[in-house]
Amino acid sequence: MTNEFLHFEKISRHTWQNLHRKTTPPLTQAELNSIKSFNDKISLQDVTDIYLPLTNLIQIYKRSKEDLAFSKGIFLQKESRKQPFIIGVSGSVAVGKSTTSRLLQILLSRTFSNATVELVTTDGFLFPNKTLEDHGILNRKGFPESYNMELLLSFLDSIKNGQDFQIPVYSHETYDIVPQEMQGVKAADFVIVEGINVFQNPQNERLYMTDFFDFSIYVDAEIENIENWYLDRFKKMLTLAENDPKNYYHRFTTQAEEEVVTFAHNVWKSINLVNLLDYIEPTRNRAEIILHKAENHEIDEIYLKK
């Protein structure tokens with residue numbers, strides 16, 4: 001075990017699945033298929049073995065937060081204000097963060113009666129392509145400097161204080177921020193914030209996004225596996241873009257397959273891998289829990305902060 005994981009408890013899948021009373025997953029296989037990323041693999045067994053115990057753990061953290069807020073209110077002799085429980089979900093491109101986040105959204109809304117659960121991806125906080133071009137960093141898209149961190153911190157602060165917020169919308173089809181379109185986010189009971197950068201904060205060294213999180217998850221896997229998943233996703237995106245000239249990936253559908261695969265490899269090595277090694281993976285130990293995925297996408301190990 002490296003020093004990075006010294007303050008984590010390593011738990012096998014077998015041990016983890018026995019930490020929760022066996023219950024029927026509160027969703028169907030069809031629902032699960034509809035929320036998973038199209039290059040991801042997940043089963044109802046994974047929901048039972050991994051995500052129901054995780055939901056139970058989040059319940060413990062939420063109860064603990066509420067107890068602390070109540071006690072602080074007594075100490076300060078004032079009524080404590082209800083705040084959203086904010087969950088950060090991080091990890092590499094193509095590792096399965098979106099599937100984890102969407103699944104948690106469903107499980108939390110159905111585990112906690114009448115709970116409202118908002119899901120936000122930090123893609124919406126990327127600067128528009130034109131801005132990135134003007135600053136000469138379009139090839140650094142996804143790196144820390146490509147995000148409007150000031151807006152992201154303002155969003156988290158507003159939500160934490162129970163205020164609704166409007167955020168930009170990002171399109172994976174056009175690979176850009178959608179002009180004049182905004183997503184309204186309510187200060188719900190739970191707010192899940194998902195993105196490769198959610199444990200980073202390059203613009204304000206005195207404040208991290210994790211300062212706003214009540215619970216945080218890092219989805220992990222071996223780099224070789226993530227690369228394969230990324231390349232597989234890239235190829236599948238081409239199929240979806242075949243008949244859509246507006247789609248960013250449409251331009252690649254007229255090229256030879258070998259040429260496209262070479263391009264995707266280069267993007268992985270020069271952008272996504274560099275970003276992962278330099279900025280994403282180094283923030284892994286800021287998570288409360290690390291979910292490690294095996295080659296077949298199944299979570300085989302869990303690291304829980306001691």
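Ionic pairing of Glu133 and Lys130 is not present here: no N-O contact between side-chain nitrogen and carboxylate oxygen is shorter than 4.0 angstrom. Between Glu301 and Arg13 there is no salt bridge, since no side-chain nitrogen of the basic residue lies less than 4.0 Å from a carboxylate oxygen of the acidic one. Using a 4.0 Å cut-off between charged side-chain N and carboxylate O, Asp214 and Lys65 make a salt bridge. A salt bridge does not link Asp211 with Lys160: every distance from a Lys NZ or Arg NE/NH1/NH2 to an Asp or Glu carboxylate oxygen is 4.0 Å or more.
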Quick one: do Ser37 and Arg102 satisfy side-chain hydrogen bond (donor to acceptor under 3.5 Å, both in side chains)? Show the steps, please.
CA-CA 9 Å; Ser37 298; Arg102 288 192 288 258; 3.3 Å; yes

Evaluation steps, salt bridge (Lys or Arg N to Asp or Glu O under 4.0 Å), between Glu31 and Arg110
CA-CA 13 Å; Glu31 285 180 301; Arg110 294 179 184 179; 2.8 Å; yes

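When only modelled atom types and interatomic distance are considered, Asn33 and Gln29 share a side-chain donor-acceptor pair under 3.5 Å. No hydrogens or angles considered: nothing links the side chains of Asn228 and Asp232 as a donor-acceptor pair under 3.5 Å. With no hydrogens or angles considered, a side-chain donor-acceptor pair links His292 and Glu222 at under 3.5 Å. Checked by atom type, the side-chain pair Gln59/Tyr61 shows no donor-acceptor distance below 3.5 Å.
A cation-pi contact, defined as under 6.0 Å to the ring centre and within 45° of the axis, links Lys62 to Phe190. Both the sub-6.0 Å distance and the 45° axial angle are satisfied by Lys141 relative to the ring of Tyr175.
Across all their heavy atoms, Ser12 and Ile302 have their closest contact at O-CD1, 4.4 Å. Nearest heavy-atom pair, Leu238 versus Phe252, reported as atom, atom and distance to 0.1 Å: CD2-CB, 3.5 Å.
Remark: Glu118 CD to Leu108 CG distance equals 13.0 Å, nearest 0.5 Å. To the nearest 0.5 Å, atoms CZ (Phe212) and CD (Gln83) are separated by 10.5 Å. The OG1 atom of Thr131 sits 11.0 Å away from the CG atom of Leu126 when rounded to the nearest 0.5 Å. If you take OG on Ser216 and CE on Met209, they are separated by 12.0 Å, rounding to the nearest 0.5 Å. Once rounded to the nearest 0.5 Å, the distance linking OG1 of Thr283 with CD1 of Ile196 reads 10.0 Å.
Between Phe263 and Phe234, the ring-plane angle classifies as tilted under the 30° and 60° cut-offs.
Grouping the Ile, Leu, Val, Met, Phe, Trp and Tyr side chains by contacts below 4.5 angstrom, directly or via other members, places Val178 apart from Phe155.
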